[in-house]
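Let me begin by presenting the structure, written as structure tokens, before commenting on it.
Heavy-atom basis, side chains included; hydrogens, waters and symmetry copies ignored. On a predicted model such as this, the values are computed, not experimentally measured, just so you know. Below, read A as the first sequence line, B as the second, and so on, with proteins coming before strands; counting in each chain starts at 1.
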Protein chains: 2
Amino acid sequence: MKRRNTPTKEAVLDVLITTGKAMSQDAIEREIDININRATIYRVLNRFCEDGILHRIVAEDGKQYFAMCINCDENPKPLYHFHFRCIKCETIECLPKEVNFSLPKDYLIENVNCVLSGVCKDCSQLAI
Amino acid sequence: MKRRNTPTKEAVLDVLITTGKAMSQDAIEREIDININRATIYRVLNRFCEDGILHRIVAEDGKQYFAMCINCDENPKPLYHFHFRCIKCETIECLPKEVNFSLPKDYLIENVNCVLSGVCKDCSQLAI
DNA sequence: TTATTATTGCGAATATGTTGCAATAATATG
DNA sequence: CATATTATTGCAACATATTCGCAATAATAA
Ligand SMILES: [Mn+2]
Ligand SMILES: [Mn+2]
Ligand SMILES: [Zn+2]
Ligand SMILES: [Zn+2]
């Protein structure tokens, strides 16, 4: 199943690159000018995750958010990094902080999903 | 709104105390012998969370899991601790490991939701 | 240009969690 | 114990997120 280039894939990646944040399917759909079906966006996002182009974060709202992998911008991020979800502006950003943990004997690690939530700097300064 | 004692609340707490793990609504319902309505279980769980008797974890499967607070058993746990979700046996346990993080300036923390996932010791040893 | 098949749109299905409302039952009070 | 108050429950309906089957479309290889 060789991948093909399509306007949909381009548009989705474009939005994610531009915002530089983690976005949910509906947020992505809202930002795209052309009309793309909900299911299609999910399929594109899932494929990007399989291919290691995006990574998936599940926030405490139970929703999936998607962000570009690793060297998002200037600062490359550790494989397992924290995420911050602002409850005011509803955005999620990848923090360049590594998650440090240790597991008891005989535990096998497969994935890490760490989300801190609160108010981001933009929103906390607005309040002043 | 003074709280009342009911068989439902007792049954739910009982299951959570017995397993000592974090459980989802459907897992709890399955473990209870009497029939309790889905919505009722959710309401009971939400009330326990409000009252600080349970805490809520959202796993990467997007589902909510509920566990007894802090001094679950012998070892008291830090306020912000890691959780481990086994993808084999589908259980979640509270790890007595504190989550260490630091936020950039002007960020306000409100909540922490950290879930590691993989294979727990019981399931990894079964494979041997 | 044509054939192959990855990708899409659509509608329906699944799953998790919440809510309105009337019925039930726990508790307080005399 | 009898009665009033109201927290709690069951039920059905709702909301939302995500997936799936299937036929139509379109990107690429030949
Ligand atoms: Mn990230
Ligand atoms: Mn816990
Ligand atoms: Zn914000
Ligand atoms: Zn296990």
Side-chain angles (χ1 to χ4, degrees), chain A residues 1-16 22-51 53-67 85 87 90-92 111 113 115 117, chain B residues 1-16 22-51 53-67 85 87 90-92 111 113 115 117:
Chain A
M1 41 195 102
K2 218 169 292 171
R3 296 276 127 96
R4 293 177 183 179
N5 291 324
T6 69
T8 297
K9 292 171 70 170
E10 235 177 278
V12 168
L13 264 197
D14 210 60
V15 168
L16 286 172
M23 302 176 74
S24 61
Q25 176 278 320
D26 62 300
I28 293 171
E29 184 172 347
R30 251 180 284 122
E31 287 300 312
I32 291 180
D33 35 358
I34 54 175
N35 253 37
I36 307 178
N37 184 266
R38 199 168 70 248
T40 301
I41 295 182
Y42 274 113
R43 280 187 283 224
V44 164
L45 290 169
N46 285 332
R47 265 180 265 141
F48 278 145
C49 285
E50 284 171 31
D51 296 350
I53 294 171
L54 298 182
H55 65 282
R56 182 195 320 261
I57 306 115
V58 177
E60 338 88 282
D61 61 1
K63 288 170 63 178
Q64 305 185 354
Y65 291 78
F66 301 85
R85 170 162 180 268
I87 57 179
E90 292 281 311
T91 67
I92 292 190
N111 191 29
N113 190 76
V115 181
S117 57
Chain B
M1 39 198 102
K2 216 170 292 169
R3 296 274 128 98
R4 293 176 182 179
N5 291 323
T6 69
T8 297
K9 292 171 69 170
E10 236 176 276
V12 169
L13 264 196
D14 211 59
V15 169
L16 286 172
M23 300 176 75
S24 61
Q25 176 277 322
D26 63 300
I28 293 171
E29 184 172 349
R30 250 180 285 123
E31 287 300 313
I32 292 180
D33 36 357
I34 54 177
N35 254 37
I36 307 177
N37 184 267
R38 196 169 74 250
T40 301
I41 295 182
Y42 274 114
R43 280 187 282 225
V44 165
L45 290 169
N46 285 332
R47 266 181 264 142
F48 278 146
C49 285
E50 284 171 30
D51 297 351
I53 294 170
L54 297 182
H55 64 282
R56 183 194 319 261
I57 305 115
V58 177
E60 341 84 281
D61 61 2
K63 289 169 62 177
Q64 304 185 353
Y65 290 78
F66 301 86
R85 168 161 180 270
I87 56 179
E90 291 283 308
T91 67
I92 291 190
N111 192 29
N113 189 76
V115 182
S117 58

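- Remark on DNA chain C: of its neighbouring residues B:Arg4 and A:Ile41, the 5'-side contact belongs to A:Ile41, judged by nearest-heavy-atom nucleotide.
- When side chains are defined from C-beta on, B:Leu45 counts as touching B:Ile28, because their heavy atoms get closer than 4.5 Å.
- Using a 4.0 Å cut-off, no side-chain N or O of A:Thr6 falls inside it from OP1 or OP2 of D:dA27.
- Put simply, B:Tyr42 has a side-chain N or O that comes within less than 4.0 Å of OP1 or OP2 on C:dG17.
- Here B:Asp26 lies out of heavy-atom contact (under 4.0 Å) with every strand.
- Contacts of B:Asn35 with the nucleic acid, taken as non-hydrogen atoms under 4.0 Å apart, involve only primed sugar atoms and P, OP1 or OP2.
- At a threshold of 4.5 Å between non-hydrogen side-chain atoms, the residues A:Ile53 and A:Leu13 count as touching.
- At most 12 heavy atoms of other shown residues, nucleotides or ligands fall within 6.0 angstrom of atom CD in A:Glu10.
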Close N/O contacts between protein and nucleotides 21-25 of chain D (under 3.5 Å):
{"from": "D:dG21", "atom 1": "O6", "to": "A:Arg43", "atom 2": "NH1", "distance (Å)": "3.3"}

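- A:Thr8 comes within contact range of the sugar-phosphate backbone alone, with a heavy-atom separation under 4.0 Å but no base atom that close.
- Contact annotation: A:Thr40 side-chain N/O to C:dT7 OP1/OP2 distance is not under 4.0 Å.
- Place A:Arg38 and A:Asn5 on DNA chain C by their nearest nucleotides, and A:Asn5 ends up nearer the 5' end.
- Among the protein residues, A:Gln64 comes within range of the sugar-phosphate backbone only, with heavy atoms under 4.0 Å from sugar or phosphate atoms but none that close to a base.
- For A:Arg56 and A:Asn46, the side-chain atoms include at least one donor-acceptor pair closer than 3.5 Å.
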